[in-house]
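Everything below concerns the one structure shown next.
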Protein chains: 2
Amino acid sequence: MTAAKLLLVEDDPSLAELLEFRFEKEGYDVRVTADGDDALVMAMEDVPDLVILDWMIEGTSGIEVCRRLRRDQNTAHVPIIMLTARENEDDRVRGLETGADDYITKPFSPRELLARVSAVLRRIRPALAGESIQVGDIVLDPVAHKVERRGRRLQMGPTEYRLLKFLMESPGRVFSRNQLLDGVWGTGSDIELRTVDVHIRRLRKAVEVDGAKDPVRTVRSAGYAIEAV
Amino acid sequence: MTAAKLLLVEDDPSLAELLEFRFEKEGYDVRVTADGDDALVMAMEDVPDLVILDWMIEGTSGIEVCRRLRRDQNTAHVPIIMLTARENEDDRVRGLETGADDYITKPFSPRELLARVSAVLRRIRPALAGESIQVGDIVLDPVAHKVERRGRRLQMGPTEYRLLKFLMESPGRVFSRNQLLDGVWGTGSDIELRTVDVHIRRLRKAVEVDGAKDPVRTVRSAGYAIEAV
DNA sequence: TAGGACATGACACTTTCATGACAAGGGCTA
DNA sequence: TAGCCCTTGTCATGAAAGTGTCATGTCCTA
């Protein structure tokens with residue numbers, strides 16, 4: 001299981017350091033910045049699994065960062081937890097309405113933030129929390145690195161496994177070839193776009209079980225998705 | 001678009017009634033019970049999209065309900081928001097660790113709870129949280145790249161899809177052929193004006209469902225619009 | 001009723017995708 | 001270390017689906 005990538009946007013150095021320490025201790029892969037614009041750049045370059053965003057930061061404001069993350073295709077679905085010192089309900093609601101998934105009011109204990117991060121990740125990316133994912137009749141166990149369909153064990157290469165896992169984390173959602181390259185092969189991989197097709201085909205072949213239908217949907221001129229069949 | 005089904009487990013009658021009223025006003029399909037065991041039965045019988053669970057209820061305790069929901073295959077993935085009167089951090093953390101997706105501390109405003117429900121649903125089923133576009137009986141889910149009408153899945157080419165999406169983003173508004181070329185084909189496309197007519201026709205054919213009326217309105221010497229029928 | 005505007009079917013042309021083949025690389029074993 | 005097997009990225013090819021244009025028919029309106 002690869003570590004979950006967190007992006008922490010916090011301009012109080014001591015708090016940032018404390019949180020970074022705690023999260024790394026929990027096995028997360030943490031990057032930190034104090035600046036909103038930096039945060040956006042970092043998020044675009046390497047899409048994190050979750051963003052922890054202080055409402056009051058230098059440069060671009062927290063809510064603006066949130067809005068922009070939501071606007072970009074690649075980061076639109078990254079969960080965001082906002083840190084806010086405000087008691088004001090309007091701000092909390094506005095944060096949630098802007099697209100934040102959760103907020104936590106300062107002062108908070110690191111432990112509670114950890115619990116929230118874990119809860120959000122579990123909801124969004126069960127595989128990161130070590131839980132198995134199920135889509136239709138396909139079950140993927142990230143801990144055992146096993147895939148089963150209708151009780152039968154499936155055999156596939158490492159790339160097909162990662163591709164399947166990536167797709168299963170967002171069932172039904174269509175990913176472009178570029179998104180798949182970023183998500184499965186890693187940002188900045190220098191791979192031919194069409195190579196994705198080939199791996200999709202290998203994946204299709206790997207999940208073939210007697211009379212079961214193909215769970216991989218091709219969306220012409222858009223990409224691929226996996227769905228319950 | 002079918003309404004999101006909520007299950008509200010709350011034993012304070014006045015609060016339950018208030019919430020039920022607010023949620024139904026927002027278009028949710030709400031069922032209410034005051035009892036933990038009832039809640040489990042109801043959840044098994046008709047799996048809700050989200051559970052709002054009071055921590056302190058009669059019968060089986062909230063946390064126990066949470067645990068059991070998580071244990072059953074059918075309800076394991078249903079998001080849970082816990083309502084708690086306790087300030088105690090341990091309880092909050094324990095709730096999250098047990099599998100609740102979120103909690104909210106009493107007293108809270110219905111508005112905030114609504115925002116949280118919406119935020120959680122947005123994650124789980126984008127189509128339920130208003131991320132899909134709906135015009136009349138046509139529902140377009142941009143994330144899954146799917147279009148449905150009266151529950152039936154529609155099939156169309158990429159251009160028709162983009163055209164439909166563009167029109168549905170401004171229901172009722174009339175677009176000239178030039179505007180459509182700019183918006184759907186991209187500015188600077190060197191396409192014959194009349195080609196729009198052809199794609200409109202293909203779109204019309206694609207959204208044909210048994211006896212449903214044509215949602216595409218032709219405005220003579222002006223352009224086209226889509227409207228609820 | 002004439003003239004313009006729109007609808008429709010046909011068709012040739014493009015784009016996009018599925019598939020099989022293949023060579024390069026890596027790791028493991030004998 | 002040579003040989004073998006598995007994985008991987010790329011390419012060529014054929015099939016399928018989608019696209020733009022035109023000619024013709026139909027409708028509407030002044």
Side-chain angles (χ1 to χ4, degrees), chain A residues 145-147 153-167 174-208 212-227 229, chain B residues 145-147 153-167 174-208 212-227 229:
Chain A
H145 233 262
K146 270 190 199 166
V147 185
R153 173 78 184 281
L154 301 183
Q155 202 59 49
M156 65 187 73
T159 307
E160 281 69 55
Y161 173 82
R162 269 181 292 134
L163 177 57
L164 178 62
K165 184 169 139 201
F166 186 81
L167 289 172
V174 175
F175 292 95
S176 71
R177 292 182 175 72
N178 272 313
Q179 288 176 317
L180 290 173
L181 282 183
D182 280 357
V184 178
W185 278 260
T187 313
S189 65
D190 189 24
I191 304 284
E192 195 63 33
L193 262 190
R194 285 290 159 198
T195 299
V196 174
D197 298 31
V198 179
H199 282 278
I200 286 285
R201 172 177 151 269
R202 287 171 182 156
L203 175 58
R204 278 185 166 134
K205 186 163 267 179
V207 298
E208 242 172 29
K213 261 183 65 185
D214 179 13
V216 182
R217 180 163 67 104
T218 302
V219 181
R220 209 178 163 81
S221 76
Y224 297 96
I226 199 163
E227 3 187 78
V229 285
Chain B
H145 247 266
K146 271 187 187 170
V147 186
R153 174 77 181 282
L154 301 184
Q155 203 60 50
M156 66 188 73
T159 307
E160 282 69 57
Y161 174 83
R162 270 180 291 132
L163 177 58
L164 177 62
K165 186 172 162 210
F166 185 80
L167 289 173
V174 178
F175 292 95
S176 72
R177 292 180 175 71
N178 272 313
Q179 288 177 315
L180 291 173
L181 281 182
D182 280 358
V184 177
W185 278 260
T187 315
S189 65
D190 189 24
I191 304 282
E192 196 62 34
L193 262 190
R194 284 292 158 198
T195 299
V196 174
D197 297 31
V198 178
H199 283 279
I200 286 285
R201 173 180 150 266
R202 287 172 182 156
L203 175 57
R204 279 184 166 136
K205 183 163 268 177
V207 298
E208 243 172 30
K213 261 185 65 187
D214 179 12
V216 181
R217 180 163 63 103
T218 302
V219 181
R220 203 180 164 80
S221 72
Y224 298 96
I226 199 163
E227 14 187 66
V229 285

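Fair warning: this is a prediction, and the values are worked out from it, not measured in the lab. Each chain gets a letter, A, B and so on, in the order the sequences are listed, and its residues count up from 1. Below, all heavy atoms of this structure are taken into account, side chains as well, without hydrogens, waters or symmetry copies.
- One interatomic measurement links the two molecules: CZ of A:R202 to P of C:dT19, which rounds to 13 Å at whole-angstrom precision.
- Within the 4.5 Å cutoff, no side-chain heavy atoms of B:L164 are placed close to those of B:E160.
- Taking 4.0 angstrom as the limit, B:R201 places a side-chain polar atom (N or O) nearer than this to OP1 or OP2 of C:dG9.
- When the C1' atom of D:dT8 is taken as reference, atom CG of A:L181 falls 13 Å away, rounded to whole Å.
- Residue A:Y224 places none of its side-chain N or O atoms closer than 4.0 Å to OP1 or OP2 of C:dT16.
- Using bins of under 30°, 30° to 60° and over 60° for the plane-to-plane angle, the ring pair A:F175/A:F166 lands in the tilted bin.
- Between B:R194 and the phosphate of C:dC6, there is a side-chain N or O to OP1/OP2 separation shorter than 4.0 Å.
- For B:R162, taking side-chain heavy atoms from C-beta onward, the closest of the listed nucleotides D:dT19, D:dT8, D:dC11 is D:dT19.
- Counting heavy atoms from C-beta outward, B:D214 and B:V229 have side chains that stay 4.5 Å or more apart.
- For the OP1/OP2 pair of C:dA5 and a distance below 4.0 Å, the side-chain nitrogens and oxygens of B:T218 include no atom meeting the criterion.
- Backbone-only contact: A:E160 has heavy atoms under 4.0 Å from sugar-phosphate atoms and none from a base.
- Checking the phosphate oxygens (OP1, OP2) of C:dC17, a side-chain nitrogen or oxygen of A:R177 falls inside 4.0 Å.
- In terms of phosphate contacts, A:T195 brings a side-chain nitrogen or oxygen within less than 4.0 Å of OP1 or OP2 of D:dT10.
- For the OP1/OP2 pair of D:dG9 and a distance below 4.0 Å, the side-chain nitrogens and oxygens of A:W185 include at least one atom meeting the criterion.
- B:K146 places a side-chain heavy atom less than 4.5 Å from the side chain of B:R153.
- A straight line from NE2 of B:H199 to P of C:dG9 spans 16 Å, rounded to a whole angstrom.
- Rounded to whole Å, atom C1' of D:dT8 lies 13 Å from atom CG of A:L163.
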Given the rule in the side-chain contact (heavy atoms from CB on, under 4.5 Å) test, do B:L180 and B:L167 qualify, once you have shown the distances and angles that lead to the verdict? CA-CA 9 Å; B:L180 291 173; B:L167 289 173; 3.9 Å; yes
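- For B:D197, the salt bridge (Lys or Arg N to Asp or Glu O under 4.0 Å) partners at least two apart in sequence or on another chain are B:R177, B:R194.
- Across the protein-nucleic acid pair, A:D197 atom CG and C:dT16 atom C1' stand 9 Å apart, rounded to whole Å.
- Contact of the A:R217 side chain with the A:V174 side chain is registered, since non-hydrogen atoms from C-beta on lie closer than 4.5 Å.
- Atom pair B:L180:CG and D:dG20:P shows a separation of 13 Å (rounding to whole Å applied).
- Rotation axes derived from the C1' atoms of the five outermost pairs at either end of the helix from C:dT1-D:dA30 to C:dA30-D:dT1 lie 20° apart, to the nearest 10°.
- Between A:L193 atom CG and C:dT15 atom C1' the separation is 14 Å, expressed in whole Å.
- In this model, a donor atom of one side chain and an acceptor atom of the other lie less than 3.5 Å apart for A:T218 and A:R204.
- Nearer to the 5' terminus of DNA chain C, by closest-nucleotide assignment, is the contact made by B:R220 (compared with the other of B:R220 and A:R220).
- In this structure, CD1 of B:I191 is placed 12 Å from P of D:dC22, rounded to the nearest angstrom.
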